[in-house]
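Note sheet for the following structure.
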Protein chains: 4
Amino acid sequence: MSMQQTAEGMTRPAGRPRSEKAEKAIIDATLDLLGEGIGVSELSIEAIAARAGVGKTTIYRRWSNKEDLVVDAMATLKPPIPLPQGASVRESLVTYLKVIAEESRHQRTRCIMNIALSDPDRHPRLAERFREVALEPRREIVRAILAKGIETGELRGDLDVDIAMAIISGAMMWQTKWVWPGEATEARLPERIVEEALKGFRQRAAEN
Amino acid sequence: MSMQQTAEGMTRPAGRPRSEKAEKAIIDATLDLLGEGIGVSELSIEAIAARAGVGKTTIYRRWSNKEDLVVDAMATLKPPIPLPQGASVRESLVTYLKVIAEESRHQRTRCIMNIALSDPDRHPRLAERFREVALEPRREIVRAILAKGIETGELRGDLDVDIAMAIISGAMMWQTKWVWPGEATEARLPERIVEEALKGFRQRAAEN
Amino acid sequence: MSMQQTAEGMTRPAGRPRSEKAEKAIIDATLDLLGEGIGVSELSIEAIAARAGVGKTTIYRRWSNKEDLVVDAMATLKPPIPLPQGASVRESLVTYLKVIAEESRHQRTRCIMNIALSDPDRHPRLAERFREVALEPRREIVRAILAKGIETGELRGDLDVDIAMAIISGAMMWQTKWVWPGEATEARLPERIVEEALKGFRQRAAEN
Amino acid sequence: MSMQQTAEGMTRPAGRPRSEKAEKAIIDATLDLLGEGIGVSELSIEAIAARAGVGKTTIYRRWSNKEDLVVDAMATLKPPIPLPQGASVRESLVTYLKVIAEESRHQRTRCIMNIALSDPDRHPRLAERFREVALEPRREIVRAILAKGIETGELRGDLDVDIAMAIISGAMMWQTKWVWPGEATEARLPERIVEEALKGFRQRAAEN
DNA sequence: GCGTAATCGAGACGGTACGTCTGGTCTTAAT
DNA sequence: ATTAAGACCAGACGTACCGTCTCGATTACGC
């Protein structure tokens with residue numbers, strides 16, 4: 001945890017030991033509240049303490065500020081997306097995007113996602129942590145899919161992989177959060193994005 | 001504006017008319033504060049009133065809550081991006097993306113952008129308005145560029161235009177805000193995105 | 001009136017003349033509100049304007065502050081107490097005190113009295129005016145009664161008249177307002193005060 | 001105090017106990033402000049909080065409104081007047097009235113007195129409390145002086161004590177506050193009042 | 001009858017204080 | 001030493017009036 005980390009083998013500090021139960025309750029309460037659509041700014045230590053049935057002191061003793069707490073709470077969320085084992089790049093990417101779409105349909109994931117994406121300038125440590133625990137693992141999956149595609153010759157050898165990753169994830173995100181936010185993220189969106197990304201916009205004739 | 005909208009031809013209501021100067025000062029103060037990195041939640045009516053040199057009443061008389069004010073403040077921001085007149089789709093898109101990149105380098109635009117993009121769930125009216133005044137005009141530009149490309153035969157006639165738009169804008173946004181936020185949005189990003197989007201990821205061989 | 005007093009024969013100033021009706025309405029509204037138990041401090045120009053059906057400007061044009069208005073409003077109240085024509089000093093004084101007691105039983109007189117007596121330090125001009133229009137006329141009555149008593153030999157020739165006046169009025173006031181405020185000002189209070197004042201506290205034996 | 005009154009022997013309520021220092025600071029600030037001539041109406045909680053160096057909550061936690069606070073503040077003022085031990089009734093009463101006169105020459109006592117006396121109708125609880133802590137103790141002194149006078153035969157056995165008290169105190173008050181307010185309460189006023197009160201207004205001849 | 005000019009009611013203006021709420025910190029007794 | 005409770009100071013909230021100001025409309029007079 002953030003502030004007290006008794007190394008193994010050291011003698012336990014005097015006095016009453018910290019309650020693990022309290023700690024868990026705090027983290028849970030935090031995630032609950034975030035999951036209910038409370039933003040980081042609106043999230044108050046007071047509310048967390050009340051929800052967790054814990055004194056405010058108990059929270060401040062462990063985390064010196066709200067952001068640290070949220071960061072730690074985030075860290076407990078597992079990145080559970082497995083590498084899709086599709087027969088083709090197209091198939092794998094579509095599968096991946098469908099998982100993402102499915103995830104953002106769940107209230108809790110959705111809200112926490114929003115918070116994480118909210119404002120990297122205002123909560124830089126939060127953003128950084130989010131990048132670590134959620135973004136990069138997912139990026140690695142896409143990177144792996146694309147790398148395998150290049151290896152098998154399905155994709156161009158000179159593909160700009162970073163940009164390709166941005167195209168896949170960015171298009172999905174953009175369309176979902178901003179352009180069609182209410183439309184239940186149109187079911188065939190993944191296929192359409194992958195299709196166009198793979199094909200390219202240009203006339204074939206123009207390529208000759 | 002939000003609350004008072006005297007229809008044309010109606011007699012002016014009795015009493016001293018509302019001050020346009022005050023109104024402008026309030027909007028300016030709001031945008032100033034947002035531009036300085038204050039978030040919507042942290043933004044206080046009291047601070048706006050103080051900055052604008054205005055009584056709180058004067059604000060509450062016009063807008064019944066903070067969000068309405070921010071919404072109206074947003075609406076005064078002009079979407080000043082002209083349609084790029086490049087010789088080719090590639091050139092036009094690159095020009096467009098460079099303008100976007102340039103914009104987000106300015107503190108004020110950047111902060112306001114962040115707020116607008118922050119959380120469509122928490123501030124839905126804000127998000128909606130932002131979509132109207134900023135997003136859609138920009139989307140129309142991309143749409144126009146792509147439409148012209150199809151017309152001239154530079155792009156595929158069966159191009160999924162919505163998805164193509166999402167790819168262009170989404171990739172740019174995603175990479176800028178989330179993947180390389182600190183890296184001054186790498187100068188050649190626009191070219192690289194446009195390049196890959198136009199070409200497509202696939203091997204030409206695979207297309208034959 | 002306080003601010004505008006066109007002397008007779010002077011040419012009337014240009015423009016629309018001030019409305020006497022408005023003036024009267026303002027004074028009436030003021031006395032009404034005071035009569036309802038609103039104190040000078042709690043009395044608001046806004047409330048007076050609303051009650052009188054008049055713009056606030058119309059009040060401020062005539063009186064530069066609240067106190068001036070209240071002073072003028074007071075001045076319109078007539079001091080209607082006649083000189084009691086009792087057969088003896090005792091009878092006259094009792095009659096006088098009973099009138100006072102009766103007066104203070106009426107809501108309006110009572111409230112305005114309270115205001116006038118409220119705080120000579122905070123509203124000195126108000127207090128001064130009150131002394132002029134209400135206090136002194138009443139004091140003159142008592143003075144006249146006592147003077148006549150001395151003349152007829154009913155009272156001691158070396159009576160300290162000022163002090164005697166203070167004893168009569170002060171005892172009445174004190175007992176009424178402070179000691180027995182709720183007790184409907186006990187009906188025989190005037191007789192009892194006059195009795196003791198005339199007799200003196202001392203044993204007759206001690207006088208010999 | 002008004003709202004929290006832990007009975008003896010009860011276990012202390014959980015949490016940080018209320019600060020006696022803050023409580024004292026609030027009372028002091030209140031009396032200070034009143035003593036500076038601020039009236040109850042003009043007295044603002046905000047000003048008290050600022051003066052006491054205390055949050056507004058700390059005030060509202062203890063007193064639910066301004067009047068309760070002023071009432072409690074009043075109650076802390078001790079009635080320090082000792083029973084005058086004069087050789088005669090005359091001497092004791094004069095001594096007593098001189099103390100009163102002296103008291104009302106002090107700014108603080110004077111202002112607070114004014115407030116207390118201001119308007120029993122508008123602030124009935126305040127008036128009631130004032131009667132308890134200041135008025136009655138003083139009345140008891142006068143009553144004791146008179147009772148002793150009757151006992152020693154110096155005063156008439158059938159003296160109407162209540163009325164006699166009203167005459168003494170009322171005459172003093174009336175003359176001081178209303179008739180000669182500016183005249184530094186003429187030095188010999190106590191003697192003159194006592195003199196006339198003891199003697200009575202009537203000709204001795206008339207008594208035989 | 002027409003311009004001039006002070007008035008009228010209405011209501012917006014910049015302020016101040018209200019009483020409430022919540023923020024993060026501090027201080028208890030009990031564990 | 002850590003806990004839950006809750007008081008602490010601070011300050012924003014939205015409301016109510018303050019006394020001033022600015023409007024269009026009204027009302028008199030002298031031209």
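Remember, it's a predicted structure, so these values are computed and weren't measured experimentally.
Annotation: side chain of B/T30 is not in contact with side chain of B/D72 (no heavy-atom distance under 4.5 Å).
In terms of heavy atoms, C/I26 sits closest to C/W63 at CG2-CZ3, 3.7 Å.
Atom CH2 in B/W63 sits roughly 16 Å away from atom C1' in F/dG14 (whole-Å rounding). Across the protein-nucleic acid pair, A/R62 atom CZ and F/dT3 atom C1' stand 10 Å apart, rounded to whole Å. Following rounding to the nearest Å, C/E46 (CD) and F/dT20 (C1') show an atom-to-atom distance of 12 Å. Atom CD1 in B/I45 sits roughly 6 Å away from atom P in F/dG14 (whole-Å rounding). Atom pair B/K21:NZ and E/dG14:C1' shows a separation of 11 Å (rounding to whole Å applied). Rounded to an integer number of Å, the gap from CG of C/N65 to C1' of F/dT20 is 15 Å.
For B/K56 against E/dG14, a side-chain-to-base donor-acceptor contact under 3.5 Å is absent. Within 3.5 Å, no donor on the side chain of A/T58 pairs with an acceptor on the base of F/dA4, nor the reverse.
Distances from the side chain of B/A14 to the nucleotides E/dC13, E/dA10, E/dG9 place E/dA10 closest. With distances taken from any side-chain atom of B/R16 to the nucleotides E/dT27, F/dG14, E/dC13, the minimum falls on E/dC13. For D/R18, the listed nucleotide lying nearest its side chain is F/dC8; candidates were F/dA4, E/dT7, F/dC8. If you check F/dT2, F/dG6, F/dC9 against the side chain of D/T57, the one that comes closest is F/dC9.
One finds no side-chain N or O of A/R61 lying less than 4.0 angstrom from the OP1 or OP2 phosphate oxygen of E/dT25. At E/dG24, one or more side-chain N or O atoms of A/Y60 fall inside 4.0 Å of OP1 or OP2 (strictly under the cut-off).
Between the A/K66 side chain and the A/I45 main chain, no donor and acceptor come within less than 3.5 Å of each other.
By the salt bridge (Lys or Arg N to Asp or Glu O under 4.0 Å) test, D/E36 is found to be paired with D/R51, residues two or more places apart in sequence or in another chain being considered.
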